[in-house]
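Below is one structure, written out as structure tokens; the observations come after it.
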Amino acid sequence: MPPRVRIAPSPTGDPHVGTAYIALFNYAFARRHGGKFVLRIEDTDQQRYTEGSEHAILESLRWLGLSWDEGPDVGGEHGPYRQSERLELYREHVAPLVASGKAYRCFCTRERLDALRKEQMAAKARLGYDGHCRSLDPQQAEARVQAGEAYVVRLHVPEGKTVVTDRLRGDVEFANEQIDDQVLVKSDGFPTYHLANVVDDHCMGITHVIRGEEWLSSTPKHVLLYEAFGWEQPQWIHLGLLRNADKSKLSKRKNPVSIIHYRSLGYLPATFLNFLATLGFSMGDDRERFSLQEMIDAFEWSKVSVGGPVFDPVKLDAFNADDIRALPLPELQAQIAEHVLGSDRIAALLALSHERIERLDDFIPYVSFFFGGVVDYSTVLPKLKIKRTLAEAAKILATFVDEIERDPQGRAFTPQSLEAFSRAFCERHEWKARDLFTLLRVGAAGRTAAPPLFDTLALVGKDRFRMRIRDFIGVLKTQPKPAKG
RNA sequence: GGCCCCAUAGUCUAGCGGUUAGGACGCUGGGUUCUCAUCCCAGAAACCCGGGUUCGAUUCCCGGUGGGGUCACCA
């Protein structure tokens with residue numbers, strides 16, 4: 001039976017390189033064995049749902065050339081492919097679980113749960129639900145539901161132990177005392193990941209669950225769910241997690257993680273994929289530069305390593321430079337015309353530079369900072385005039401990039417949303433707009449003079465902005481004398 | 001902290017009981033070149049520690065250490 005695998009991103013932000021990494025392995029495995037690669041959107045979190053995220057994810061994966069056989073846009077026999085459109089299915093499946101006592105309703109309030117956790121932390125006890133509502137009389141529970149009381153549905157974890165058989169790691173044992181009575185249905189009626197994921201994987205005929213190691217410790221819950229439903233488990237495969245240079249899980253705090261960033265800086269998709277592949281897969285010989293097709297042809301689990309690799313952008317650059325060099329000039333020119341000097345982008349740059357250039361030929365040097373990676377701060381730094389110390393400046397910028405990502409408005413990164421967020425930010429932190437805006441301008445542009453700040457930031461782009469500010473903070477911190485003025 | 005995963009140069013990896021421990025990026029030196037880049041040559045750089053098993057452990061087993069993940073009505 002040919003395998004069916006899936007990638008199941010959740011539309012909660014920018015498309016992550018980790019998603020691309022996992023998608024690549026799913027894709028290669030499916031293609032190797034003539035199976036199907038399914039794309040499913042896991043949008044069960046109403047709070048974190050981000051407008052436009054799904055589209056960006058699809059577009060990013062498409063850019064990389066990882067095409068799916070079934071998905072929200074192309075359809076398929078096992079649709080719909082958005083979990084928010086499958087709510088009825090989850091409801092149907094949970095009912096018998098509750099009826100048979102394999103799951104139960106829980107009426108505990110957030111307050112009680114918080115208090116419980118505090119107690120457990122103080123007592124250094126195991127964190128987790130204490131089973132308070134486990135033995136509630138079903139009749140009574142039903143009555144409370146009818147009375148309109150809020151509740152969740154939890155999995156009743158039985159005694160014993162649960163074994164996860166992982167293709168890469170062998171048998172992994174968990175004592176069931178360690179497994180929490182996981183919430184399956186939230187009080188808003190939406191399923192949690194755990195429920196939706198298991199139900200969908202089964203109903204979609206997924207044979208191999210290939211995902212990141214972060215899921216390994218919740219896999220016993222999934223195994224238990226398969227058992228509760230009486231279904232056959234898929235094969236589990238947990239890949240190592242991509243890391244930052246300090247070995248922590250790859251994060252935007254420390255690395256550009258948006259696929260869009262790599263696309264907009266001009267990495268070639270095939271090169272990017274090749275680089276990702278080398279992070280966890282090896283050909284077996286000394287070949288490191290190979291195509292997606294070559295990877296597919298050679299794909300075997302014995303060639304996949306399980307340690308979490310550091311995502312090293314320096315090596316990516318080397319690969320990319322190599323491939324650009326290999327490009328015939330006409331091809332290079334076409335690529336640049338399309339991806340660097342697209343007419344939409346030129347039009348946007350023109351709008352901002354129109355009134356600021358004196359000769360036509362000034363255009364390119366004037367807008368040069370909208371292109372490329374980090375900029376050189378050495379010449380602007382002496383001209384930086386703010387009524388704060390550089391240490392304060394570094395600190396506020398770090399806070400800024402941190403907060404902007406958590407703010408729905410800031411995250412949208414349009415001129416309007418940026419301005420609204422930035423002004424509110426100044427008030428909140430008691431900074432003069434003038435000082436903060438100067439820092440943002442210099443950090444993002446490497447210049448003290450630029451087009452209107454928020455238009456500029458929006459056009460520089462979120463990822464490039466974040467990358468430069470991070471670099472700028474580093475520069476500020478290493479400046480010897482605190483310039484006041 | 002509990003549970004779980006992982007462990008070859010700075011980084012990504014090959015190795016699957018006996019190897020001068022291989023390749024790639026980066027780094028250093030040299031050559032080609034008007035400069036730079038490319039290209040070529042050379043070099044420094046690794047088996048986490050301690051016990052076993054074995055004639056022999058980087059490789060198998062156990063323990064420790066280190067790193068990571070996870071402990072949500074997020075995925």
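Just so it is clear: chains get the letters A, B, ... in the order the sequence lines come, proteins before strands, and each one is counted from 1.
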note: A:K315, atom NZ; B:rU11, atom C1'; distance rounded to Å ~ 8 Å
Interatomic distance at P, B:rG18 relative to B:rA45, whole Å: 24 Å
Nearest whole Å is fine: how far is B:rC12 P from A:N255 CG? 13 Å
Distance check needed: B:rC12 C1' versus A:F319 CZ, whole Å only. 8 Å
Quantified in whole Å, what is the C1' atom distance between nucleotide B:rA7 and nucleotide B:rG50? 16 Å
Any A:T278 side-chain nitrogen or oxygen under 4.0 Å from OP1 or OP2 of B:rC12: no
Side chain to side chain, A:W68 and A:L58, heavy atoms closer than 4.5 Å: yes
Pick the C1' atom in B:rG51 and in B:rC40, then give their distance to the nearest Å. 49 Å
Between A:L316 and A:F281, name the one whose nearest nucleotide on RNA chain B is closer to the 5' end. A:F281
Take atom C1' in B:rG22 and the same atom in B:rC16, then report the distance between them in whole Å. 15 Å
Under 6.0 Å from the six-membered ring centre of A:Y151 and within 45° of its axis: does the NZ or CZ of A:R105 meet both? yes
May I ask you to decide whether A:K118 forms a salt bridge with A:D114, counting only side-chain N to carboxylate O separations under 4.0 Å? no
Using 4.0 Å as the upper bound for N to carboxylate O, is an ion pair formed by A:K36 and A:E77? no
What integer distance in Å separates A:Q120:CD from B:rC3:P? 16 Å
Watson-Crick or G-U wobble mate for B:rU38, both contacts under 3.5 Å: none
Atom CG of A:D317 to atom C1' of B:rA37: distance rounded to whole Å? 15 Å
With the side chain counted from C-beta on, respond yes when A:Q182 and A:Y193 share a heavy-atom pair under 4.5 Å apart, and no when they do not. no
Pick the C1' atom in B:rA42 and in B:rU8, then give their distance to the nearest Å. 24 Å
Between B:rG2 atom P and A:E173 atom CD, what is the distance in whole Å? 19 Å
Does B:rC3 pair with anything, Watson-Crick or G-U wobble, both distances under 3.5 Å, and if so, with which nucleotide? B:rG69
For A:F275 and B:rG23, give me the distance from atom CZ to atom P, rounded to whole Å. 20 Å
What does nucleotides 59-75 of chain B look like as a protein-contact string, B for base, S for sugar-phosphate only, - for none, at under 4.0 angstrom between heavy atoms? --------SBSSSSBBB
For B:rC27, the Watson-Crick or wobble partner whose two distances fall under 3.5 Å: B:rG43
Given the P atoms of B:rG29 and B:rU65, what is the spacing between them in whole Å? 42 Å
Side-chain touch A:D200/A:Y90, heavy atoms, less than 4.5 angstrom: yes
Name the nucleic acid region contacted by A:S305, choosing base, sugar-phosphate or nothing; use a 4.0 angstrom heavy-atom cut-off, strictly under. sugar-phosphate
In this structure, how many angstroms lie between the C1' atom of B:rC6 and the CG atom of A:L279, rounded? 15 Å
Would a 4.5 Å heavy-atom cut-off, applied to side chains only, mark A:V304 and A:I237 as touching? no
Who is the Watson-Crick or G-U wobble partner of B:rA9, with both distances under 3.5 Å? none
Take atom C1' in B:rU13 and the same atom in B:rA46, then report the distance between them in whole Å. 12 Å
If the condition is salt bridge (charged side-chain N to carboxylate O under 4.0 Å, His left out), which residues does A:D69 pass it with, not counting sequence neighbours? A:R31
What interatomic distance, in whole Å, is found between C1' of B:rA21 and the corresponding atom of B:rG66? 23 Å
